[in-house]
2 protein chains.
Amino acid sequence: MSDENNFSRRGFLGAGSALLGGLALTQLPLDAAGKPGTVVETAMPKKWDETFDVVVVGSGFAGLAAAYEAKKAGASVVVLEKMPTAGGNSIINGGIVAAAGSPLQAKMGIKDNPELMAQDMIKAGLGLNHPALVKLISEKSTETVLWTINELGVKYLDNELVQEGGHTVKRSYKTYNSSGSAIVLPQLEKLKALGVEPRLETYVAKIYRDKDGRVKGLQVREGYEFPKADSGKVKNIRARKGVVLAHGGFGQDVAFRMIQDPKLTAKFESTNQPGATAEMWRESARVGCNIIQADWIQVGPWASPDEKGFGLAPHFAQEAASMYGIWIDATTGKRFIDELANRKIRADAIMMLMNQGHQCVALADAKGVSRLTPGVMTKLQERGVVKAFQTLEAVADYYKMPKAAFLETVAKYNTNIKNSDPKDPKDDIKNSTKLPQGTAPIETAPYYVSRLLPKIHHCMGGIFTNTNAEAMDVSTDKPIPGLYAAGEATGGVHGAVRLGSCAVIDCLVMGRAAGSNAAKAKAWG
Amino acid sequence: MSDENNFSRRGFLGAGSALLGGLALTQLPLDAAGKPGTVVETAMPKKWDETFDVVVVGSGFAGLAAAYEAKKAGASVVVLEKMPTAGGNSIINGGIVAAAGSPLQAKMGIKDNPELMAQDMIKAGLGLNHPALVKLISEKSTETVLWTINELGVKYLDNELVQEGGHTVKRSYKTYNSSGSAIVLPQLEKLKALGVEPRLETYVAKIYRDKDGRVKGLQVREGYEFPKADSGKVKNIRARKGVVLAHGGFGQDVAFRMIQDPKLTAKFESTNQPGATAEMWRESARVGCNIIQADWIQVGPWASPDEKGFGLAPHFAQEAASMYGIWIDATTGKRFIDELANRKIRADAIMMLMNQGHQCVALADAKGVSRLTPGVMTKLQERGVVKAFQTLEAVADYYKMPKAAFLETVAKYNTNIKNSDPKDPKDDIKNSTKLPQGTAPIETAPYYVSRLLPKIHHCMGGIFTNTNAEAMDVSTDKPIPGLYAAGEATGGVHGAVRLGSCAVIDCLVMGRAAGSNAAKAKAWG
């Protein structure tokens, strides 16, 4: 316990709370005229160069879904994309989409429902998830996947569902090419057929929020050359009905991610496309959006510096070294973390060590890798991501480990495995202490090692919205008129940990809601 | 693993990253004239009713320290407090103050230094702490405690230092009365001698930030009756040099805390004074402060609904039931968490269950409570916080537990304790599986039970500042001219978990910095 040892506070909380009442809910501040809140004002431009009903920022799953629904509803629509290609992170995403209670589940005899999916999301999210958003997305998941099939023509594998980590059942559709491009490209085609093509290299420099509180348009830079902030020609675009923010996360923005979590230094790579930077996070905060949970940034602990993206290394580091081997701080020769702890705990531990100049590696022996999908180890060795050694001494030499300490670490682990029942007396709680069946001492050459490099993957936090995808005002907790948000730019859906395959469905459900609601909004001017 | 299973992203991140360069740092947005950022503007008042050099919001440790330094530096100062009494949460705080490398440590033969304190804070904070802030506070800790003694006349116990949880050594001074009032009252007295007395019932309705980006004053309501937003008389106070925000946390604000973390429903109490609400969190965000890590809210899992504040219950629930007993979900009769997991994990688990209508209790037997400080159990029973039962069946009956399930839970726990070596094979990592010495089966009547109610205690997040206590602009990462912040209102010092006794020193060090730097600032107008 801590300074909370002061267990006798009756003086104040007795008398004081009697005096002041047990008032937990306060009213929001009123301005001098007794009207709620004080609007953030950005001076309006002298003239608007162009006008659309709905202006969408970002061309990933969410932005394109918003644009499509808005256009179908009769609105004039423009999609702005700062990068020279459309699709953002979505087009390089894994293309796996959660749907609870789907026809494919029925066909495969899998029982599931939206409540179960919501429970899975909230459990992984440590209850930081906003229940109403999770409920909506779970309930709309099946109809939305069917919409991608029937309306967009997206092709999924016919007889396969994926069970991602944290999901209690197989529930995720898998695109035919295991890529989000199987969704993004049809989205782009359908939009093109309706006359909407993303304007590339178009950077949003400013959101115009007027005195009356309404967002009325954007200042953009056409011909923007990422990441040159002063490139491109300034233009003002009016949004008669609404602006939809679908600008994604900030995984590539070292300065901004280090404000949220100082561990995420430039030492660490990101799986994201280079344009995943934070300008719109700053700008949406500036105009009064409530940015929540932005410090929850998903980092994969098992990636390697020796290949791009997540690559294949996680198969080895997780499915072999973590389950049947150990992870070592090469600088000390010692273990540093429960290898079966969750990915945040493990990534945090590696990042703390790396920021002190240490290197961490994953180790498994021939038995440990025997369960991997055939061919994976060959590829990993060909790519130089995993290296093989005939002795533990050779491992120590290659990675410049203190040899005695390293050998003692392995010996101690082996003794524990041989002599102990690896079961905690409280094992009904601490699942990670249940070692996987087949765990054995590390003593069968060759010994395989990969270097560990945490890679930044997904921003769980972002703009707080309601279930209409309306962006909420930090001053009033009411929607900001004319401003909508969806996808990775938003917060509150995934909480502490986003489950695999839940980002895509979030983007599609909330993107459609944003576009549809923006198109229905009352126009101004 | 999750959708990150798509391990082959070379298409984009190979070709794409070659094209776009490995640019991780982007420039901040420039406005049309090529100037950085776009200032958040609040229309200036027609006239200022009063003018001070430095205007301090809040009258806890931080605000009073800021006011004192500003006044000593020759500035004219006013302190604004919305509640009818001064001192905020500080005056009901435990009065324990961390200082690394102090004279009292030297006297007691304890080796310590600021680096060690910083390491302790960052370890507990999961590396979310901003290192420069932690370094500053650790390095200034001893001189600041000595300043409270020599300059303010604060009285601490002469021959005792406290070792709070998470600190590697005994390093915390303890006020003579185990209360923060031993610091706040001298602060108030010294300020009064300098002619500064907090203006009570004075609510800040608006921060004035002008077109040039500078914060120039505040709109207040004098004669404010908490929590009536429209009470009091509106007045505009000009700050010629600076405004210091030291408004504290939002533990009592159910609406705001549920936006940050939806688990923190009205079911849960707070140890905070009733005025710990979020109006200034909203307002500082509105004018362009960068609010970070606001979802990290410290909650004590071991408190009881049957007494106010943290009370005495934690002694029983933690030191007896958690270490030598078990915690039970009374609705199912089962254990629900590792009783020795950290307080966040345990509080989260209880809150999730309680939000589903469950009740949780802590159980220990006669052996389990035998190590408690004499007298504590008597008081707890007198107050009705802990109840005693002669049989486990009676426990089940009283708390309406499913009897068979509950008895099986206890029996299973007892069997595990009797038969197993409660040691994980990976015990060099998982300390929580090392059961405390003396752990024994629960079988000696009487059986003692307390109800568990998580109570909200401290906000780790808040306004992002630099080491000068200047509030940083979310658009530009530069200080907002004229705006300073300190104490619980700020974020980035404590990260995920604030260690006991580190809040007070944070408030004092950064409060003094804020006041001193505000007094040194160039005046406007």
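Just so we're clear, the structure is a prediction, and the values are computed from it rather than from any experiment. A note on names: the letters A, B, ... follow the listed sequences, proteins ahead of strands, and every chain is numbered from 1.
- Residue Ile292(B) holds its CD1 atom at 6.5 Å from CD of Gln260(A), rounded to the nearest 0.5 Å.
- Considering only heavy atoms from C-beta on, Ile122(B) comes within 4.5 Å of Met352(A) through its side chain.
- When the shell of 6.0 Å around NZ of Lys334(A) is examined, it contains 12 or fewer heavy atoms from other residues, nucleotides or ligands.
- The closest donor-acceptor contact from the side chain of His130(B) to the backbone of Ile259(A) lies under 3.5 Å.
- Residue contact with chain B, scored on non-hydrogen atoms closer than 4.5 Å, involves the backbone and the side chain of Asp261(A) alike.
- Residue contact with chain B, scored on non-hydrogen atoms closer than 4.5 Å, is absent for Met472(A).
- When all heavy atoms are compared, the tightest approach of Pro262(B) to Gly127(A) is CD-O, 3.8 Å.
- No salt bridge links Asp473(A) with Arg286(B); every basic N to acidic carboxylate O contact stays at or beyond 4.0 Å.
- Here the OG atom belonging to Ser475(B) is positioned 11.5 Å from the CD atom belonging to Glu279(A), to the nearest 0.5 angstrom.
- For Asn129(A), the part sitting under 4.5 Å from any heavy atom of chain B is the backbone (N, CA, C, O) and nothing else.
- Heavy-atom distances place no part of Ile345(A) under 4.5 Å from chain B, backbone and side chain included.
- To the nearest 0.5 Å, the span separating CG on Leu126(A) from CE on Met351(B) amounts to 10.5 Å.
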